[in-house]
Chemist: 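Here it is: the structure, laid out below.
Along the sequence shown, residues carry numbers from 1.
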Amino acid sequence: QVQLVESGGGLVQAGGSLRLSCAASGSIFAINAMAWYRQAPGKQRELLAEITSGGMTNYADSLKGRFTISRDNAKNTVYLQINSLKPEDTAVYYCSAVGQSTAGSPSLAYWGQGTQVTVSS
């Protein structure tokens, strides 16, 4: 099994920045794509950004360049840098990873427990 643990959330003033981290641990044979999502109260979970093991990235059109996803394959960790935070960025931020726990096992999607980001105006 692969476990994902997010960190780096918290309370920040509008205009500030945060760097979220998500580390994968446990039985890991390979981690392929990793991604960040968020879910605001009363809203559906939305994809923010994703990154392949080779470093190719894809972002939601709505982010307008404020979000940057990166990863350290040696540490099985994905990061999300968020700049110019706005109150509407308040949400629980989740990371996900698609990977294999052992050689030959199927690729499965794993989720972290989420980290709260609250932006005050």
Side-chain angles (χ1 to χ4, degrees):
Q1 288 289 334
V2 177
Q3 293 84 42
L4 301 176
V5 177
E6 301 100 333
S7 60
L11 175 63
V12 64
Q13 288 189 332
S17 298
L18 279 176
R19 188 191 194 207
L20 306 181
S21 300
C22 172
S25 63
S27 177
I28 299 173
F29 174 72
I31 298 291
N32 301 312
M34 302 184 81
W36 284 97
Y37 291 75
R38 71 182 177 187
Q39 187 166 19
K43 296 188 177 181
Q44 289 187 331
R45 189 172 299 188
E46 62 172 334
L47 173 65
L48 302 175
E50 53 191 346
I51 184 167
T52 67
S53 58
M56 293 184 62
T57 60
N58 181 51
Y59 294 91
D61 291 339
S62 61
L63 298 186
K64 298 182 180 179
R66 297 189 296 118
F67 292 60
T68 302
I69 190 171
S70 60
R71 68 188 282 176
D72 184 332
N73 289 332
K75 296 181 179 180
N76 287 321
T77 299
V78 63
Y79 306 96
L80 185 69
Q81 177 72 37
I82 314 172
N83 298 324
S84 302
L85 279 155
K86 305 175 182 180
E88 51 265 41
D89 293 321
T90 295
V92 178
Y93 285 70
Y94 298 91
C95 75
S96 73
V98 176
Q100 298 169 273
S101 58
T102 60
S105 63
S107 288
L108 300 175
Y110 299 90
W111 290 88
Q113 81 289 349
T115 185
Q116 176 70 46
V117 172
T118 302
V119 184
S120 63
S121 57

Chemist: Do W36 and I51 make a side-chain contact, defined as non-hydrogen atoms from C-beta onward lying under 4.5 Å apart?
Modeler: no
Chemist: When hydrophobic residues are tied together by side-chain contacts of less than 4.5 Å, even through go-betweens, does V2 share a cluster with V78?
Modeler: yes
Chemist: Heavy atoms, side chains only, cut-off 4.5 Å: are C22 and Y93 in contact?
Modeler: no
Chemist: In terms of the angle between their ring planes, are Y94 and W111 parallel, tilted or perpendicular, with boundaries placed at 30° and 60°?
Modeler: perpendicular
Chemist: Can you confirm whether Q116 sits close enough to L11 that some side-chain heavy atom of one is under 4.5 Å from a side-chain heavy atom of the other?
Modeler: no
Chemist: Using modelled atom types only, decide if a donor and an acceptor are shared between the side chain of T118 and the backbone of T90 within a distance under 3.5 Å.
Modeler: no
Chemist: Count I, L, V, M, F, W, Y as connected when their side-chain heavy atoms are under 4.5 Å apart, and connections chain through other members. Are L4 and F29 then in the same cluster?
Modeler: no
Chemist: With a 4.5 Å heavy-atom cut-off, do D89 and R38 have their side chains touching?
Modeler: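 Yes, side chains in contact.
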Chemist: Distance check, rounded to the nearest 0.5 Å: L80 atom CG versus T115 atom OG1?
Modeler: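 So the CG of L80 and the OG1 of T115 are separated by 11.0 Å.
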Chemist: Tell me, with the steps shown, if N32 and S53 meet side-chain hydrogen bond (donor to acceptor under 3.5 Å, both in side chains).
Modeler: CA-CA 5 Å; N32 301 312; S53 58; 5.0 Å; no
Chemist: Looking only at non-hydrogen atoms, find the nearest pair between S17 and S84 and report the distance.
Modeler: OG-N, 4.2 Å
Chemist: Taking the side chain as every heavy atom from C-beta outward, state whether R71 and I31 have any pair of such atoms under 4.5 Å apart.
Modeler: yes
